Each structure stands twice: as structure tokens, then as C-alpha cells.
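Structure, as C-alpha cells:
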Amino acid sequence: MNAIDLKNLDIAYGDTKVVFDVNLSIPEGESFALVGESGSGKSTILRAIAGLAPDWTGDISVMGGARSHHVDRNVSRKVQMVFQDPYGSLHPRKTIDAALSEPLAIHGLGNRGERVEAMLTAVGLDQRFRFRFPHQLSGGQRQRVAIARALMLEPKVMLLDEPTSALDVSVQAEILNLLKRLRREQGLTFLLVTHNLPVVSFLCDRLAVMRHGRIVEVADVAQLKSADLKEPYSRELLAATEGG
Amino acid sequence: MMSNRDWLLADSPTSRLQANVGRAYRVFTALMRNPLSVLGGVIILVLLLTAAFAPWIAPYSAVGQDLGNRLMPPSAAHWMGTDELGRDIFSRVVWGSQITLTIVLLVALISAPLGLLIGAIAGYFGGWVDRFLMGFTDIFLSLPKLILALAFVAALGPGINNAIIAIAITSWPAYARIARAETLTIRNAEYIQAVQLAGGGPVRLIVQHILPLCTSSMIIRVTLDMAGVILTAAGLGFLGLGAQPPLPEWGAMISRGRTFILDQWWVATMPGFAIIIVSLGFCFLGDGLRDVLDPKSEGKN
Amino acid sequence: MDQQGASPEPAPGYAGRGLVRGFSTASGFVLTLFLTFLGLLAITFFIGRVIPIDPVLAVVGDRATQEQYDVAKIAMGLDQPLWMQFISYVGNVFTGDLGMSVSTGRPVIEDLSRFFPATFEMATLGILIGCALGIPLGVTAAARQGSWLDQVIRVVGLLGYSVPAFWLGLVGLALFYARLRWVGGPGRLDIFYDGLVEPVTGMILIDSLIRGEIDIFWNAVSHIILPAAVLGFFSLAYIARMTRSFMLDQLSQEFVTTARVKGVPERVVIWRHAFNPIRVPLITVIGLSYAGLLEGSVMIETVFSWPGIGNYLTTALLNADMNAVLGATLVIGAVFIVINKISDVLYRVLDPRAR
Amino acid sequence: ATPADALVIAQNIDDIVALDPAQAYEFSAGEINANLYDHLVQYAAEDTTVLAPGLASEWTADEAAKTITFTMREGATFASGNPVRAEDVLFSFKRVVTLNLTPSFILTQLGWSADNIDEMVTIDGNTVTIKWDGDFASAFVLNVLASRPASIVDEVLVSEHVEGDDWGNAWLNTNSAGSGPFVLTDYRPAELVRMTANENYFDGAPAMKQVLIRHVAEAATQQLLLTSGDVDMAKNLTPDQIASLGDGVKVEAFPQAAVHFLSFNQKTESLTDPALWEAARYLVNYDGMTESFLKGQMEKHQAFWPKGFPGSYDETPYYYDVEKAKQILADAGVETPITVTLDVINSAPFTDMAQSLQAGFAEAGINFDILPGTGAQVITKYRDRTHEAMLLYWGPDFMDPHSNAKAFAYNSDNSDDNYTATTTWRNAWAVPEEMNEEVRAALAESDQATRNEMYVELQKKVQAESPIVIMFQAQLQIAMGENVDGYVNGSNSDFVYYRLVTKD
Amino acid sequence: MTAPLLSVQNLRVSFPTHTGRVEVVKGLSFTLGRERLGIVGESGSGKSMTGRSILKLIRKPGEVTADKLEFDGIDILSQSEKQMRAIRGARISMVMQDPKFSLNPVMTVGEQIAEALVTHQKLPRRDVQARIIEMLHAVRINDPERVAKLYPHEVSGGMGQRIMIAMMLIPEPELLIADEPTSALDVSVQAQVLDIIDELVRNKGMGLILISHDLNLVSRYCDRILVMNAGQVVEECAAGQLENAQHPYTKGLLAAMPVINETRDELPVLDRTQWAGT
Ligand SMILES: Nc1ncnc2c1ncn2[C@@H]1O[C@H](COP(=O)(O)OP(=O)(O)OP(=O)(O)O)[C@@H](O)[C@H]1O
Ligand SMILES: Nc1ncnc2c1ncn2[C@@H]1O[C@H](COP(=O)(O)OP(=O)(O)OP(=O)(O)O)[C@@H](O)[C@H]1O
Ligand SMILES: [Mg+2]
Ligand SMILES: [Mg+2]
């Protein structure tokens, strides 16, 4: 079964269409990267899958089930999203504990205290962070909380929208390690957006390169490592990364 | 054993309670660092104490008339003089603090939550809900305020409680607009979307996530508006529709005293001072809160 | 974070666009106007219904016989069901007929053309005074945040919030008029100038200039200056405090630091870089407080014997003179909508982000 | 300063609704009317207590035939220059009864109506014959003819301004068409009234070329205007302001016909016990009030017809005595405490009076909840008989004791659908039938002395036993510049005259 | 190397917090000639504060002290605000970290650049215009005439950064502080922008302080590198020597970066407890 299937997907914001005719299949357990130009529609695709960009045509299915155009409760057990900005993705007036218990409360899951504790441990956060407010945490710590929150409902698919681009290298490394470990331990499927090719190389199996709202190339990470990309734009990206 | 202060300021609270109390304590200490807001706080505190201990503070009854001793200037026996029925103005001002406090509290408790809710709903749902609710709000906003209040007082009958309800009804639209504007900036925040993704419904989002964030600016705004509320009550008093006589409502006292303003200045001026001081108190406190509660400044450091 | 961030004020350009949003065309504006008016009328009508004052009594007085009472009631159309009354009123309004006021015995439209200009004149002068003083004070306070000057400006501003209007008005009259004789007394003109200029706009300041009556103009100025100053003080208080608060937000923005990095003089930093972006929210604030002044203030008008709309409306309401109440409410509602529309337009002009 | 030939007055005139004598009924409108119009007979400026010839130079009454014949004054003209004719009299009366606006009841009680007016009022050359239907004394009829709606208007002028079938009503509400000493030249509601002298006035042109009444609602503002010399006269100052006026200003006092009373609605069970009515009379702090905040503004008076007029009863047997009141209540076994609402107009001095009453009555266990309201609000309630206790005043419609006897001692049908604008009906007091009889008899009595005697008797009864506690008679205190002389203010607003005013 | 353009000794910046004053820059010392100095370090290590204190831009309640803070022989700390104005822009300028918030939203790009120029130099309007176009052109902006008339919200992040650079270079300062000038850009644009600065620095012979947390980037564009952690310099080395860095913190930073040819299963992370830190 494919974790994510996108067929002929067009996405618009109001009157402007920003993503055109995207077709992708991501098998369960795969880690897939979306890279490409800023503004090319990477985040938009993730948001459409999650139900946050409702204005699309085509087909989206997640874990074999067709997606509706909106967020719904059932899908939240299957797929969760982690956002780019660790500063904007936590409610400033809620403790970490509250943020993590909330998904459980929504779905009426019991044993909240223990689950929160366990999850904090899983993402490598000390228990003393549990009753802090977000502003008492560093960026990396917040991103861990955001990941923990996404994992609270034990989804199968994680949508990661530039989860490390706001962090500096040392913190980025921690988060990347965490993601890699979680994926291994829980058999998750990742759909990761980034513009950092080394990150793709570290974390992913395949990648798609986007430009102007279209996928221009889909490649294996092996191709990336061997600089064996076909499209000129993909090569341009690679060249810039390797630098002068 | 940790000292209380350490417990409050602990970096890693061990319970939800400690976390929240700690936050409140931080806000409080930050407030205490601003001299004007301390002054404001002291004024409000004095108001609270006066209201609570009015029977012990007031040297005379608030309604006891002494027609032989009317319109006496301030003296040792009557610190603020006496009014047109020979009542001790100081005692009336003291008793009046209870009414003022009631007005202020009730209006804050009725209109702010009402406005908050309407604004948050409009802002959160957008579209036709927003258009409808805001159209409604705009209509209320474009109705002359005093007229609206008057109409309600007239409809509900005179009396301080009705006056309070009337004022509350006229002041929610402003709060609704603020709440809506703020909700719009929050609505698309990622932490809201995260809850949506977790399956949280509109009620949960509005009540548990959006409202708490609008509350601080609402508290600020409400404290700043308190002066206006007291004055609106006084305005109703001016038209004779505020508190029922012989209640020592400050606005009604000034309004009755205004015919004496040229010759027996103290009758209107003393309660006037009371209003000014309390209003200033609220304003100072509100100003201080503005600096302290501002979510922008809190997110950092 | 957007420019105004989480400031407790309405977001810029919101400007009461509850219904306007989504309609930017002229026809949309007309529709908005129509719906808002209808809403206003409906609410006002409802208010008229619940007030325990019998409108017929306002016409016939308390000594009328039952027969006279009944005749008057029918003549006023009050025997009709409420919705019929409402429909026929709305119908009349759209043919320009606001009906007769029972408390003045004249057509409402005529009353409004007399009372509204008086309020308009005073409110306009008041808001001008408020802006002319309030904005510089607010900017200065923000620029010197924490200094003694800032504290003084804040306290003075807050006083404007807290002083009862009629108290200030009476004390002002007693001092500047009765004692010092610096200004004219209550009323719009000295009594022997009254009625000498034929109304054109209804605003004496303007009419007297149109007619070239300089004496009358100065007399009118001497009368209007005190009440306008009292109103001005109230709007000053509000404008100064909002200006200060907006300015503080701006001054902590990065682009202000950028300007300093360029070595730009402080004056330019404050006025060009910090002040320019706040013109938009400031206009909303000023617009709102202007609209508030145009409602007329019963208290100021009473104290200064000013024949303004606030007094008219209040008297009408207290006599259940519903035609007058509805008419005046319509005018005030229209003013509110127009002011909002203007601040909307200014918003587009002044803020490139909104174009 | 004000011009030497103009009288400038600060006054609250926002009560004016209409100035047409066929419609005007408010106080301020009455005052203005009195200076614009004449009547066949009138209480003249020179002596407002004597009924003097007005536009009729003489008259003869025939009690048996129920007619009075008036001879019109020679050479009298309207301000417009048109001569005053008998036709104008008929026209004027016809207008009032046909328009049938509020004040018309004063005329229609003579048995007149739009249908029969041509028979009831007949003209012959320069005489007018008035007929009435009902048991009235001619003295009563003359008083009716001196009342406001009986003002004589200029038929020729009014006819030019008729719109539809309004009999010139719209025009007359902002203009005048009378023969009085002044002409209305400008009226702007809630702003100003300007009257200019009628140089052709039959009794001599007034000294003041202009009378300007400026609407000033705020008493303190009136005071400032007066002390600054920008007005010559301030009409609505409070006693305390009057007391503290300095030099350069004088105060003249004018007793008024209005009486102030406290009444109990008989629909309220707890207020129906006559013992309570009696006790109430001992719970009013009459002197306390008249010596303090009512000083100079009201005088103790306990009967329905005001002091200083024929037929008045001036004894004041009741005084403030809480113990006595308690005793009365206890003897009658009235259960206390009683709590009732007290409706009152929300302006000074009424709210002060209410609070004083509240304090006094509370002593005997009668607790008032004061409900202040605007005039219109209070009246609405009063008319619906939904109040409990009411603090209000009453001014006679015309200066005949019957006007008040009818209001305070007559109620022929207390049923809910028989609305009557009397104090008795509105307080649901079913007047004993014998008292109703006495009122009718007094009205019909043609001998003036006997008639007055009968009214005194009626007053004694109402004073002793009724749910209406009459407390005060009003007095106006008018502050004016020291140079102002000759201002006449009779016992009610119909007798306010500026004709004799001089300034030097 | 000529006489130092800037010398800093024991620079300290502190801010008050709930728990007393906290130093965010703790005794920083370095000198700079007409060369390119890179400052690297993780987020919050005090890089921006260092840059700002050189321009005396730290506002109350922040506090700056130093044994020595001299620019071209001028003691910065003792300069009045007015004197500083003559230095800012004209002699030292700074590319602010985030163009989105650092450009005035209601002034056109052209006006803002012009302001930087005319504040220090009186020029006829036409010349000003010409210089702006020239400068925008220099930072590789296509169609500079059009862009000059745009408002900040109408330009992309990449353009914004280049405009910021143009604005700071137009008065031809002797020292440019560039604070994360490319953080908002995707990789391809990033390289272009840095090349522009580099070229200008070389051609005009000015000093450059390049602040970033990206070690590769800094080593590519600078002569010398300061590695900062928690307000202190932990290591100073020539750019070419970065691979041979001694300090474990620097090593840690280097190792933590994934590379394209990634074979590691796990990235090594910094053990923060080693450096008493944030
Ligand atoms: N809420 C929105 N309304 C309208 N247009 C939008 C909205 N969000 C994004 N867009 C537009 O959609 C296009 C794709 O945006 P998206 O955020 O998906 O890009 P991205 O590939 O994620 O870019 P980046 O790397 O900068 O995050 C852009 O042109 C953007 O301007
Ligand atoms: N106004 C302030 N009050 C208190 N602390 C502050 C203030 N401004 C900055 N700081 C603190 O100073 C420290 C250094 O900040 P600085 O901006 O120099 O970091 P940086 O190295 O530039 O980080 P980044 O890479 O995120 O830009 C941070 O820990 C920050 O929290
Ligand atoms: Mg994106
Ligand atoms: Mg930085």
C-alpha cells in the first residue's frame, strides 16, 4: 500500500493556481523529499495533504483512503505535520504538557500523563521541560516538542515542512538524528520539504525537485549523491550547494 | 526547602499549577517595576478596600439627611462638605465606591466576554459568518452610544443595575472588533493549524486557543476603558437615568451637584475627584499591563 | 509579525469594513449602506418599541381626552402592526421623507439640517484641536519613552480620559467666559448677531465667511472655541495615547534601526520612518473618535446651550419622538459609514501594502 | 451686555412642541402665546387677578339662557394691520374645536363641537354671542374664554397659510397671527424665540422692541449668562443659586397656581387604607423642605386650589410628626413595613423632594423605592395607572376652581376604559358619589360667593380624606438685571407678560 | 595588513532579566584591518549583539562596556548620538539580519536607498537617482529603474537582501557588517548574493565582518574566522585552517553538518554541557 498517492493534483489559493498537475506515489515506510525553489509550491502540497489548503482538484489518498478537502478527525490519526517555524508552532500561553495532552484529549485517549512522559523521553527531552512555557525553550527544544506533538496520535505518515531550516547546524543535527531514529523505530513514512540537499542525502530515500509549481524531476538519493541529476535546474541547485 | 520566590521563578516547574502561578508572578513583578502602574495598582487596591470596609470608614450614613446642615463647605466634621440634602459627601463617596466597583466589574464581565466571543467567532470562521456578525457589530457601533444606553435604561427601567447592563450592551462592539482583528492574526498561526490537524473542532479552538490569546489585549483595553465606563454611568446620571436616588453613585452625585458648581463647588467636585482618581488608577494599571502582557515582548527572552 | 503586531487596536484598514469586505465596487458600497441602514432602522425601531414611553402622549400631552388620544394615534399610524409601520417608514425614507418630529413640530429633515451642522462645526474643530495637539504629544512621549516628559504627557492625556465633560465645560465657562471674558459665552453667537447670516451650510463659521461678515465670524469663533477645546481635550487624550502606543510599536521595529544604521537624523527617524507607517491605524483611530464626536455630546451641548444633534436626539428619545430618533440615527449612521469609507480610502492611499 | 431696547431671557424652552394656540399646551408655549394673542376677556398684564376686557370691550351674561354677548373693541387691529372682527372670533373658536387638538377640551366642555359651533357662537355685526350647554356658571365660562385655546387669531392672515385642512396649524406653529403686544419673528426649536413689538397694540406699544428667549437648559449656564450681563433674565435658577446671587441682580418671586402632591394608586392594595392616607400627611417634612432646597420655590399648601385665588382654602392643618403618624397606623392596624415604588420626574427639585419623602416615610415603616424617569415616561405610567406612589404637580387648565375640583374631587367612572386626565382617575380613586355631586353643584352655582364656599368645603374633604397628599404650592423666582422693571408673571404660564417691561 | 581599522577589547553586552543582569557578550576582543572577518556560532551566541554594539545600536535597558572599542582611532563608546550619526552609514554600516523586517514598509526601495546616500552627501537629485540605479545594478538586480519604485512587500526575499546590501554599500563605508545576509535565501540565490559582496569588498578595499552560523559559507568568503559560543570567542583561525580547528566546539559544529555524500547513520552532536552555556 502506498502511504501517499497524489494524482493530477492542482492546488490554488483563491484565484491563483500555484501547483500544477502533480503525480506522486510514496510507498509506506519511505522517506521522500521535496526540494526546489522558494515559492514553488512545496509547502502547499503538504498543506493540501493535511487538509489545510482545501482548494485543490485531482486525487489525494493517504494510507489507501481518499482525502477530503478539509481536516477531519479520522485522518489526524494517520497523518501529522511538523511546521518550519518552531517559534510559531507552539501556543505561547500553553505549557508543553498542555500542548502534548491536547491531541489525546481531543481523541479521548486515556493515560495522558504517562503518554506525555513517554513521548518526552522519546524525543529526548528531559521531564523538567514538561511544565515550561514555549518561551522558556530554545528553538531546537521547541522543534522537538512540535515533533512530539505530531507523534502523540501515533500517525503513520509525517509531513515535515522544513523542520530544521530555522535552526543552526548543531541543533539541526540533533533534530535530524531524532527524525531518523523515530522513523526507524516506528516505521514512519516521511514527506519532507527542504532546500538543503545534504539533509535530503542524510534522511531521505528519494526526492522530487520542484520549480514553478511543477515537479521537474524525481530521483533516488543515490543519484543525488553521485550528482547524477538530469534537469538543469536540479543541477543548478546541486552546484550551488557544493559551492565554489 | 525552596523559598517561595524560587518556587515561583523556577525554570522547570513541576506542575501545571506552578507553571501558571509562576507566570502570573512574573507579570506581577514586571508590573511592580513600573512606578505608574504601581500607583495605579495602589489606587485600585484602595478602591477595593474602601468598598469592602465602607461601613467602618464612612463616618456618617450615606443617606442620612440633615436639612439644617446642607451645603456646608469642607470642614473637620465633614471632610468633603455636605450636599443639598445635608448628607456627608465623604461618606457618600466612600459608599459610592461599592457602586463604582460594581459597575466596573459587571461591565467588564458582561461586555468584554461578549465582544470577545463575537469577535473571535467572526474572525475564526470568516466568510458569511464574519460578514454577518461584523455587519451587526458595525450597526451597533454606528448607533450613538449614549442613545443606545438611554434606550436600554428607558426600556429596562431606571436603576443602577439596568444602567450597567445598558453600558455593557453599548460597549461590546468595540471589543468585538479588537477580538476579531486579533483573531485574524492568530487564526492562521501554525499552532492553531496543529490543533486542527489533531482533530480539534472550532469550539475547542476558539475557547481554548484563540480566546486566551485575545484576553490579554482585552484586559488592557478594558482597564483603559474603565474611565469611560464610569463616565458613561455619570452621563446617564446627568440625564437622570443612572442610579436611583438616594444611591451615592458618583456620576449621579456630580450630575446633581452641577447646579451648585459655581457657588458650592465641592458638591460636584469631590465625587469628580473620586472618579478622576479611580479612572487614572485603571488607566495607569492598563498602561502597565500593556507593556507587560504584550505577547510580543513575552515571546522573547 | 505584521506591522501592528498584537497592538490592542483594530488592525489597520479594518475601519469598520464588516460588510464592506468583499465588496469593493460602488454597487457593493451602496448595498452595504443599504443593509447597514436597514439594520440601524430595525434596531432603532425595536428600541422605540420597547421604551416605556407612549409616543402619542408626546403629541397630545397628558390632559388630552381618550378620543383625542385615539385620533392622534391613528394619525401617527401607531394603530398599524409594527412591521407595517416599519415598512412604510422605510418606504418614506427612500423617497427622502423622514416624517415630522413631534417634539419640534417640524419636518425631521429640517431639524437635522439645523442641528447637525452645529454639531459638525464643533466636532470638526474639536477633532482638529485633538489632532494638532494629540499627535505631536503622542509622538514626543513615545520618542522620549520613560522620561519625565513622557510621564507628564501620559498623565495629562489620561486626565482627558477621566474628567467628566460637563464638569470641565462648566468650569471652563466659569473661568474663561464669566471670570476672564476671553471667550464668548454659551450659544453659537452673541444674541444680537443671531439670525443675521442667512444659513447656507448651516455652519456659522463658513456661512459668515461666505457672506463676508467678518465680525460675525470672529464672534462665532469666540463662542465655539471653548466647547471645541473641551471636545478637543477628550480626543486629544485618546489620540495622544494611541499615537504613543503605535509609535512605541514602530520604534522597536528593525527598520527603524536600519534607518539609524544609515545615520539618519533622529527627527527623520521618528517622523519619516516611525510615524509614516502609523498614519493608517492612526487615521482609523481619529476617524472613530471623530465619528464619536459627530454623534454629539448631550452634556457639552447642554452646558454650552449648543443646538446640536446630541441634544436633539436625546430629547427626541426621551419623548419617544421616533421619527426624529430614526432620522438622527440615520444621519449619524451615514456619517459613521462615510468616515469609515474615507479612512478605508486613505488606508489604500497611504499604505502601499494595501494597494 | 444686552441692547437697551431688547429683553434677553435665558430659559429652558425645550418643552415647546407647538405654538399654535389651538395646539400649544406646554408651559413655555403658554408664556409665549400670552404675548402674541389676546382674548375676548383676559387677565391683563396690569393686574393678573382681575378679569379685564380684552378684544371685547364689554359683555353681558344671561345665566338662564346660558349665553354671553360680547361687543368687540372699536379700532383694535391685528399686528398684521387687519382689523379685529367678530368673524375672527368665530374663526378662532371653530379652528380649535375642528382641529380638536389637546387644549380643545377646554372649549368643548362648554358643549361645543365642530358640528354645532356655528350655533353656539353667533356673530352679529360687532357682537359675538356665546352659548353653552351644561350647568355652568357664567363666571366659569368667562374663565374658559380667557384660556389659551380661546386666543383670537387673524382669520385673513391665517387663511393665506392654510395647507390642506390644517386650518393654518403648521404655519401658526412657527409664526403668529395675533393682536397681542408682540409678533413672533423667529422660532427655532430648542434654540431661540424672537418676538418683536407690535407697534399697533391697542393698549399701547411695549417699551421693548424685542424679546429674545434663548434656550439654555443648564441652570448653571443660565446663572453665568445672567451674572455676566449677557442676558437680562434667567428663568430656571434653583433656590440655592438664587440665594448666592451677588450684586447687580435682583430676584422677583411670583406665586404660581400649580400644586405639588404625593398620590397613592388605589390599585396597589397596600395603599388603600385611609389610615395610611392620613398618616402620610404627617410624614411629609413640609417645613424642612420649604426652608431648605425648596426655599422660595414652593410654599406649604395643602388644598387643591392655590392660595391667592377666589375659592382657595389656605389652612395647613398637617405637619411633620412621625410619632403621630405611627400612632395612626398602629391604631388602624396597618401592617408595616410597606414597600412601594415612588415615581418621580428625574430633575431637581423633584428628586430631592422624593428623597426627603423617602427619609420621612421610612421612619414610619413606609419604604419608597424611588423610580426617576423623564416626564414622558412618568406620564405614560401614570396614564396607564401602573405606578404605585407618584410625586407630581398639577396646574389648572384655566383659572377657575372647577378646573382643579374636577381633577382632585371628581371621578364619575373609575373603570379602566374610561380614561380621564384627572388625578382621581389616574390614581384609581373612586371618589364617593356625594363628592361627585358636590363638584357638579359647585360648577352650576351662579352666586360667586356661595360657589367659592362650596369649593372650600370640597377642598377640606379632599384634604382630610383622599389618597392625594397635597403638599406645596409653587412659586417662581425669577432673577433679572437690576435695571429690568415691569416683568409680570401671573399665577400660571398663561399670564406671563413682557409688555410692561422697561430697562433703564 | 595596515593599522587596525577596528579594535575591540573586552566587549561586554548585558541585559536585565528576571534573574538579574545577564551578559550575552562576555569579554570579546579582536582587531580588524581592511580584511574579511567571519563570525560564526550557533544561534544566540551573541553574534548580532557584537555587530550592533560596534554601531552603538544597543538600546536601553541593554548595556555595552568595553576596555576599548575604537574605530579608526575614534572611541565609539564616548561618541555622542550626534557624532555617531556621522559615523553610521558613512563609515560603518550594517546589513541587517532580516530584510523582511528591516526595510521600511511604506517607503519605496529607491527612497530608502537615496536616504542612505543623501544623509551624508549633498548631491543633485539626478545624480542621486543615477547612483541608486548604478548600485542596484551592481547587486545584480534586473531592471533597477522599476525595482527602485517598488515597495518592500513587492520584492522577494532575495531581492530584499540585495537591496539591503545596496543600501548599506551606497555611502561607501569603510567597514561593512553583514549579519546573516543570506539566511532567508535558497541556496542558488545565496551564492549569488555573497559573490556580490565579496566583489565589492575586494574592489573598494573595505573591511567586512560577515556573521553567520554556517561554517562552510564563512570559510569560503572570509580571510579570518572567530568562532563564538555563549558570548565568548572560543577559537580564532584563518579561514583555510578551519578544517584543522582545535576547539572541540568548532569541531563539533563542523561535524554536525550533513554533507551531500552522506554515509553516516547519525550526525555527531555537540555536548553542550561542556561549555557553560545558554
Ligand atoms: N495563503 C496563501 N494565499 C495565496 N497565495 C499563497 C498562500 N500561501 C502561499 N501562496 C503562494 O503559493 C505559492 C507556493 O507557496 P509555498 O508556500 O507552497 O512555497 P514553498 O515552495 O513552500 O516555498 P518556500 O520554500 O519559500 O517555503 C507561492 O507563490 C506563494 O506566494
Ligand atoms: N533585549 C534583550 N534582552 C535580553 N536578552 C537579549 C536581548 N536581545 C538579545 N538578547 C539575548 O542575547 C543573546 C545573543 O543574541 P544575538 O542576537 O547576538 O544572537 P545571534 O548570535 O545573532 O543569534 P542568531 O544566529 O539567532 O541571530 C541571545 O541569547 C538573546 O536571547
Ligand atoms: Mg514553504
Ligand atoms: Mg543574529
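Note that the coordinates shown come from a computational prediction; the quantities given were computed from them, not determined experimentally. Reminder, nothing fancy here: chain letters follow the sequence lines and each chain counts from 1.
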**More than 12 heavy atoms of other groups within 6.0 Å of E/Asp143 CG** = yes
**Asked** Which residues, numbered in order, of residues 258-269 of chain C come under 4.5 angstrom of chain E by heavy-atom distance?
**Response** C/Thr258, C/Arg260, C/Val261, C/Lys262, C/Gly263, C/Val264, C/Pro265, C/Glu266, C/Val268
**Message:** Does any backbone or side-chain atom of E/Met94 lie under 4.5 Å from a heavy atom of chain C? Answer side chain, backbone, both or neither.
**Reply:** both
**Asked** If you take all heavy atoms of E/Val106 and C/Leu350, which pair is closest and at what distance?
**Response** CG1-O, 4.3 Å
**Message:** Nearest 0.5 Å, please: how far is CG in E/Leu103 from NE2 in C/His273?
**Reply:** 11.0 Å
**Complete:** When the 4.5 angstrom heavy-atom criterion is applied to E/Met168 and chain C, the contacting part is side chain
**Message:** Filter on salt bridge (charged side-chain N to carboxylate O under 4.0 Å, His left out), then keep only pairs touching residues 145-160 of chain C, sequence neighbours left out; what's left?
**Reply:** B/Asp287-C/Arg154, C/Asp150-C/Arg244
**Prompt:** Considering only heavy atoms, which portion of E/Glu154 lies under 4.5 Å from any heavy atom of chain C: side chain, backbone, both, or neither?
**Reply:** neither
**Asked** With C/Phe34, which residues qualify under ring pair (Phe, Tyr, Trp, His ring centres under 6.0 Å), at least two apart?
**Response** C/Phe94
**Asked** Does any non-hydrogen side-chain atom of E/Arg59 lie less than 4.5 Å from one of C/Thr257?
**Response** no
**Prompt:** Which atoms of E/Ser102 come close to chain C, meaning under 4.5 Å heavy atom to heavy atom: side chain ones, backbone ones, both, or neither?
**Reply:** both
**Request:** Among the options E/Met84, E/Met164, E/His120, pick out the one with the most heavy-atom pairs lying under 4.5 Å from chain C.
**Result:** E/His120
**Asked** Taking atom CZ of C/Phe255 and atom CD of E/Gln112, what is their separation to the nearest 0.5 Å?
**Response** 8.5 Å
**Message:** Can you tell me if E/Lys122 has over 12 outside heavy atoms packed within less than 6.0 Å of its NZ?
**Reply:** yes
**Asked** Would one find more than 12 heavy atoms of other residues, nucleotides or ligands at under 6.0 Å from atom CZ of E/Arg21?
**Response** yes
**E/Gln97 side chain reached by C/Glu254 side chain, heavy atoms, under 4.5 Å** = no
**Fill in**
Per-residue tally against chain C (heavy atom, under 4.5 Å) across E/Asn104, E/Thr119, E/Leu55 peaks at E/Asn104
**Asked** So which pairs with a foot in residues 159-172 of chain E pass salt bridge (charged side-chain N to carboxylate O under 4.0 Å, His left out), sequence neighbours left out?
**Response** none
